[in-house]
Structures are given as structure tokens and as C-alpha cells.
Trainee: 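There's a structure below that I have some questions on.
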Amino acid sequence: MTGGTTGGAGMTGGTTGGAGMTDGTTGGAGMTGGTTGGASGGGTGWHVPEEDLRAYARGGLTAPALWSADTHLAACAHCRGVLADVGDPVALDAGWERLDAELDAPRPGFLEALLLRCGMADHTARLLAATPALRRSWVGAVAAVLLLTVAVTAGHTAGGSPTLFLALAPLLPLAGVALSYGPALDPTYEMAVVAPVHGFRLLMIRTVAVLAVGIGFNGLATLALPGYGLRALGWLLPALALTATGLALAARLGPVLGPSLVGVGWIALLVTAEAARTGAEDPLAPFTAAGQGVSALVAVLAAGLLVLLRDRFDSGRANTA
Amino acid sequence: MTCTVSASGLSLHYGGTRALDDVSLRLSAGVTGLLGPNGAGKTTLLRVLATAVPADRGSFTVLGHDPGTSHGRREVRRRLGYLPQTPGFHPDFTAFEFVDYVAILKELTDRAARHREVRRVLDEVGLTEVRGKHIRMLSGGMRQRVALAAALVGDPAFLVLDEPTVGLDPEQRMRFRELIAHAGEGRTVLLSTHQTEDVAMLCHRVVVLAGGTVRFDGTPAELTARAAGRVWSSTERDPGAKAGWRTGLGTFRNVGDPPAGADLLEPTLEDGYLLTLDGTDAEVAA
């Protein structure tokens with residue numbers, strides 16, 4: 001059904017059309033254009049056109065027509081007979097094997113389906129679906145914390161500063177990334193670490209995904225604080241700096257101690273900045289222009305260090321540190 | 001016989017604890033049993049050979065590849081199947097999805113070929129019928145078989161199994177032994193176990209590890225032969241025995257140096273194993 005001319009379009013909703021057609025409720029008339037099923041089906045029942053069956057046997061049929069043919073062939077002995085006549089037995093066996101595999105393949109969960117819909121390769125989507133920090137419980141907890149923080153911060157506007165939000169927001173991506181790997185948090189860590197997929201690559205795939213979700217949440221929270229303008233975006237560079245530093249330290253100190261030290265260091269820095277603040281309305285040092293510059297520099301340096309230490313994530317040393 | 005794994009002088013310390021001390025061994029095709037009491041270093045040795053953790057000292061190769069280098073490590077991992085002592089599962093995954101996930105970690109990125117391989121290994125461990133079930137719904141024995149299926153993905157030449165029969169009931173254990181025996185055909189399997197029965201039924205060779213060192217390396221028959229003339233029966237526990245326990249007959253079975261005129265018994269693999277350990281280890285194992 002090249003380009004879906006056989007009714008891929010007519011089979012509205014597409015993928016399950018084949019099954020519906022077997023009972024003849026749609027029929028050939030619904031298959032707009034050319035190679036309709038009526039010609040080969042006879043009666044009121046629709047059948048896969050012979051031309052499509054030839055393409056199917058050659059392996060040349062494309063989706064969505066391919067899905068319709070797969071589904072219909074599973075239920076229609078007549079079309080299977082026609083296919084056996086027109087097809088090369090070897091190609092036919094391959095077709096059955098493919099059909100069998102498709103029927104056997106698991107249905108992806110919500111997150112995985114979303115990633116596939118965004119165009120991600122299925123193997124990468126499965127790797128991300130197994131990331132602990134992308135699980136509903138964690139994402140829900142992050143959203144709840146942010147909502148609470150935004151509510152508290154919004155209640156103290158009137159010319160104030162969104163300090164609580166800015167202090168907390170960088171810690172969430174750091175915690176998410178720290179929770180996305182390691183023997184204590186990833187139940188399949190032991191199997192993953194001895195797999196040929198490079199440990200650093202796996203870590204980066206998960207980090208980018210968790211960072212994207214964390215920054216996305218923080219971004220939405222920022223939009224909920226329009227009264228602070230660009231000041232409410234002061235969390236972004238510290239978030240990148242803390243995450244990169246946490247990972248770099250994790251390579252030497254392990255996945256729990258490294259990020260934990262960074263988190264404690266961030267809080268200590270804020271407490272010190274609060275003590276050193278001169279005016280009540282002034283932003284804390286990390287959220288000034290100079291502070292943001294330092295965050296950017298730290299992020300770059302830590303990312304460089306992380307790349308230098310990447311082999312430790314593959315050799316098991318990051319685990320034993 | 002071609003040597004698949006060759007290890008020399010492996011040592012590893014955790015803090016002040018000596019987990020492995022100068023361990024050398026060579027493994028070839030077939031099932032090799034790794035026996036030892038708790039804390040003997042069995043899991044540590046398996047984790048080192050599986051490249052999960054590097055040794056402090058010493059080296060080893062798998063099919064000629066040295067995991068000490070980044071390239072060699074990847075080549076070893078491509079030839080490795082590993083079933084950890086407590087395999088973790090993502091609770092939301094089905095058996096198929098979990099094995100599929102491990103297959104992706106093993107670089108099988110082509111979807112059709114990968115799914116074919118997943119179905120093959122699930123069939124091999126007899127889980128085809130429950131492949132769509134969530135792992136949390138499966139029994140302990142079935143979960144172990146899921147983990148074994150994951151280890152078998154990619155038809156590895158070297159299979160490392162860490163106490164796979166622990167926690168299984170006798171029927172499940174027998175089923176699992178059949179699977180291990182089948183998996184051992186044509187590949188090298190290192191099986192860590194507490195159960196001398198596992199070794200007696202499955203292994204062509206046995207290594208006894210205690211205190212992080214190799215105490216014995218030979219055939220099960222040779223290990224059994226160590227106890228020839230050193231197992232005897234008595235009505236009371238013999239204080240001179242290295243280990244002794246009451247049998248179902250009400251008499252005591254003792255292993256060690258028998259007194260003159262002792263009622264000697266036919267030795268078993270377990271007797272040979274206990275005698276291979278020193279006094280302290282034997283107390284633990286007994």
C-alpha cells in the first residue's frame with residue numbers, strides 16, 4: 001500500500017483498522033482510492049488487495065498499510081492462502097516471523113510511548129524507562145515540592161526576592177541525577193555495569209533526560225512567578241553547576257557521597273551569603289551577575305573534569321569509591 | 001582443553017578487609033563450581049571476573065581479552081553473561097521487557113533481532129508462557145529464571161552465576177540445575193554455591209575458596225577422595241572431629257582424624273569440602 005493508498009488513510013485511526021475490516025463493516029468503499037479491498041475480497045468482507053500482498057511478500061509494504069495487512073492476515077485464512085500463492089516461501093516465512101514478533105512485542109508504558117512519539121529510538125526509550133529518577137513517584141515528588149515552594153514564594157512577593165525558590169530549584173536536578181544511577185538506587189545496576197554499553201554513555205543518557213525533566217519543571221515553576229521577572233531564572237546556572245560538580249565528584253566519591261557533598265556545600269554557601277548580605281532587598285551572592293558567572297565557570301570546569309574521569313563509570317571504580 | 005578464563009594473583013581489599021588474596025585459576029568449557037563458606041570471597045571473585053569491580057592487584061583474561069583496558073573490558077563484557085547474587089528488577093517491567101532491557105544493554109539495538117533473541121532465551125528457560133507478566137507477579141523461581149534468561153542474551157561464552165539456587169524450593173532447584181547443565185553445554189560456566197549437591201550434580205570441576213584464598217582446585221571426585229578414611233560414625237559427637245552432626249539415624253557423622261577402630265563411612269563431596277576448610281571455616285560451614 002505504497003504511501004497508504006490502499007486505505008491506510010481510509011482506515012481512520014489506522015492501526016486497528018484491519019481487524020474492523022474483517023467483519024465487513026467498513027468494506028471496500030471506505031478504502032478511498034485505487035487498490036481497494038473490494039476487488040479481491042468479494043462479498044461484504046474486505047481483504048488485502050493482491051497487489052499489496054505481493055508487496056507484503058517482497059517485504060516492500062510500508063506502514064500504516066503494513067500494520068493493516070499484518071492485523072488482517074492474522075485473522076483471515078483467505079488472504080493467507082492468497083499470500084502463500086503469490087509469495088516467495090522464504091520471504092513469507094520472514095513475514096510470519098515479523099508478524100509473530102510484532103504480536104509478541106510488549107506495549108510500551110506511558111513514558112516510553114511518549115519518548116517514542118517524540119522520535120526517540122526504541123532502545124534509548126527503553127533505557128530511559130528504566131531510569132529510577134524518571135519514575136512517577138519521583139517526578140510527582142519533585143512537582144509537589146516545587147508547587148509548595150512556588151506557593152510559599154508567591155505569598156511573599158511585594159518587592160521581595162524569590163530566595164527560597166532559587167535556593168531549592170538547583171537541588172532538584174542534582175538529586176534527580178544522583179538518583180538515576182548507582183547500586184543503592186538502580187535495581188539493575190549490577191547487570192548494567194557489566195554490560196558492554198559504556199557506563200558513561202548510559203549515565204549521560206539518563207542525566208540529560210533527568211536534567212530535561214528537572215529543568216522543565218523548574219521552568220514551569222518560574223513562569224508561575226512572573227512578578228520577579230528574570231530574577232526568577234537565577235536557579236538555572238547554579239543547577240547546571242551543581243549537577244556537573246555532583247557527577248564529577250561521584251566519579252571519585254561514589255554516587256551518594258559526591259552529590260550529597262555538593263548539596264550540603266550549596267546550602268552552606270547560601271547560609272554564608274545570607275549572613276554576608278548587606279541590604280534586605282539585595283539578592284544573595286550566587287544570584288547576582290557575578291555569582292551567575294561563577295556558576296557558569298564551575299559548570300564548564302566540572303563538565304570537563306567529568307569527561308576526564310568518564311572511564312571510572314565504566315570500570316566499576318565509581319561504584320567502589 | 002582450551003582455557004576460557006585465566007586469572008593470576010587477583011587481590012582485593014575493602015577497607016581493612018582482605019576479600020581476595022592472590023587468587024589464580026584457569027577455567028575451561030563446562031560448569032566449574034565455586035564452593036566456600038559465607039565471607040569466603042566467592043561473590044567478590046565473581047564480581048571481579050564479571051568486570052563489575054576491578055581487582056587491586058593481579059590480572060585475568062577472558063578468551064584472550066584483558067579487562068584492564070577499556071577496549072578489552074568491552075570485549076570481555078560482550079562475551080559475558082552474569083547472574084548476580086540478588087538480581088534486581090524494575091518492578092513495572094514484564095519478563096519480556098526486562099530481558100529486552102538487558103538485551104539493549106548488551107548492544108542489541110535492532111528491534112526485530114533483539115526481540116527474536118529475547119524470545120529465544122525466554123523459551124530456553126521455559127518462560128515463554130509468562131513473558132507478558134509483570135515480574136512482581138512471578139514466583140521466586142521464575143524470577144531467577146528471568147535473570148538467567150537475561151544472562152543468556154547474546155549467547156555468552158562465559159557465564160557467571162552467583163548462588164542462583166539460594167531460596168528455591170527443592171523442585172525449583174532441580175529445574176534450575178537442569179537449566180544450568182543445559183547452559184553449560186559448549187560454554188564456560190562459573191557457578192558459586194553453598195550447596196555441595198549443586199557441585200556433585202553439575203560440575204566437572206570445583207574450586208574451594210575460604211578467607212579469600214583458593215584452598216582446593218580439582219575434580220569433585222578428587223575433593224571427595226580427600227575425605228577417604230576420615231569420616232566415621234559414633235553414638236556421641238566426637239570431640240576430636242573437625243565437624244560432626246547428628247544424622248537421621250540418630251548417630252553422629254564425624255569428619256577429621258578418626259580414632260583407632262572407628263567405624264569408617266563412605267565419604268561424600270561435603271566431607272571433602274569440610275576437611276578442605278580449616279577449623280574455623282569448618283565450624284561456619286558445618
Side-chain angles (χ1 to χ4, degrees), chain A residues 59 94-95 97-112 116 121-132 134-137 182-202 205 310-321, chain B residues 12 14 47-54 67-70 73-98 100-116 118-119 122 128 131-132 147 150-151 153-154 160 162:
Chain A
E97 190 181 329
R98 193 187 60 244
L99 171 59
D100 192 28
E102 281 303 320
L103 293 175
D104 208 24
R107 290 184 58 180
F110 171 75
L111 172 66
E112 210 171 328
L116 291 171
D122 82 298
H123 51 91
T124 308
R126 169 77 27 100
L127 289 180
L128 288 178
T131 302
L134 288 179
R135 298 201 164 278
R136 258 170 285 185
S137 53
L185 303 156
D186 182 356
T188 59
Y189 176 82
E190 193 84 346
M191 288 185 179
V193 82
V194 302
V197 164
H198 199 288
F200 186 68
R201 178 171 170 261
L202 189 59
I205 289 174
R310 64 186 179 281
D311 203 38
R312 293 184 71 88
F313 292 98
D314 196 47
S315 64
R317 285 192 169 85
N319 173 23
T320 57
Chain B
L12 181 61
Y14 287 126
R47 295 188 74 227
V48 168
L49 294 178
T51 73
V53 59
T69 66
S70 184
R73 190 160 52 242
R74 179 159 303 174
E75 292 303 314
V76 170
R77 289 173 176 174
R78 283 179 176 149
R79 290 156 178 81
L80 174 78
Y82 178 42
L83 195 164
Q85 192 171 29
T86 49
F89 301 98
H90 289 292
D92 295 338
F93 276 177
T94 64
F96 189 104
E97 286 171 328
F98 177 74
D100 190 44
Y101 168 70
V102 174
I104 291 166
L105 293 175
K106 291 189 173 185
E107 298 180 316
L108 297 179
T109 51
D110 179 75
R111 186 170 179 268
R114 190 176 74 239
H115 285 186
R116 223 174 10 252
V118 171
R119 285 187 296 157
L122 285 172
T128 298
R131 63 191 181 279
V153 166
V160 177
D162 195 353

Trainee: With a 3.5 Å distance limit and no angle check, can you tell me whether Arg77(B) reaches the backbone of Val197(A) through a side-chain donor-acceptor pair?
Mentor: no

Trainee: Identify the two heavy atoms, one from Thr109(B) and one from Asp122(A), that lie closest to each other, and give their separation to 0.1 Å.
Mentor: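 Where Thr109(B) meets Asp122(A) most closely, the heavy atoms are O-OD1, 4.3 Å.
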
Trainee: Can you name the residues that form a side chain to side chain contact (heavy atoms under 4.5 Å, CB included) with Arg78(B), not counting sequence neighbours?
Mentor: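 Checked Arg78(B) against side chain to side chain contact (heavy atoms under 4.5 Å, CB included); matches are Pro196(A), Arg74(B), Glu75(B), Glu107(B).
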
Trainee: My understanding is that only residues two or more places apart in sequence, or in another chain, count here; which of them pass side chain to side chain contact (heavy atoms under 4.5 Å, CB included) with Ile205(A)?
Mentor: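 Residues passing side chain to side chain contact (heavy atoms under 4.5 Å, CB included) with Ile205(A): Thr124(A), Leu127(A), Leu128(A), Arg201(A).
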
Trainee: Could you grab the distance from atom CZ of Arg73(B) to atom CG of Asp311(A), nearest 0.5 Å is fine?
Mentor: 5.0 Å

Trainee: So which residue, Asp100(B), Thr86(B), Leu108(B), Leu83(B), ends up with the most heavy-atom pairs under 4.5 Å with chain A?
Mentor: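 Option with the top pair count is Asp100(B).
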
Trainee: Does any part of the side chain of Gln85(B), heavy atoms only, come nearer than 4.5 Å to the side chain of Glu190(A), both counted from C-beta?
Mentor: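 Answer no - side chains too far apart.
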
Trainee: Just so I understand: if I count every heavy-atom pair under 4.5 Å between each of Ala195(A), Ala121(A), Ala192(A) and chain B, which residue has the most?
Mentor: Ala195(A)

Trainee: Could you look at Leu105(B) and say if it's the side chain, the backbone, both or neither that has a heavy atom under 4.5 Å from chain A?
Mentor: both

Trainee: Considering only heavy atoms, which portion of Phe89(B) lies under 4.5 Å from any heavy atom of chain A: side chain, backbone, both, or neither?
Mentor: backbone

Trainee: Indicate the atoms forming the closest heavy-atom contact of Gly88(B) with Thr188(A), along with that distance.
Mentor: O-CG2, 3.3 Å

Trainee: Between Phe98(B) and Met191(A), which heavy-atom pair has the shortest distance, and what is it?
Mentor: CZ-SD, 3.6 Å

Trainee: Atom CD1 of Ile104(B) and atom CG of Leu202(A): how far apart are they, to the nearest 0.5 Å?
Mentor: 11.0 Å

Trainee: Tell me the closest heavy-atom pair linking Arg126(A) and Phe93(B), and the distance in Å.
Mentor: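 That would be CD-CZ, 3.9 Å.
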
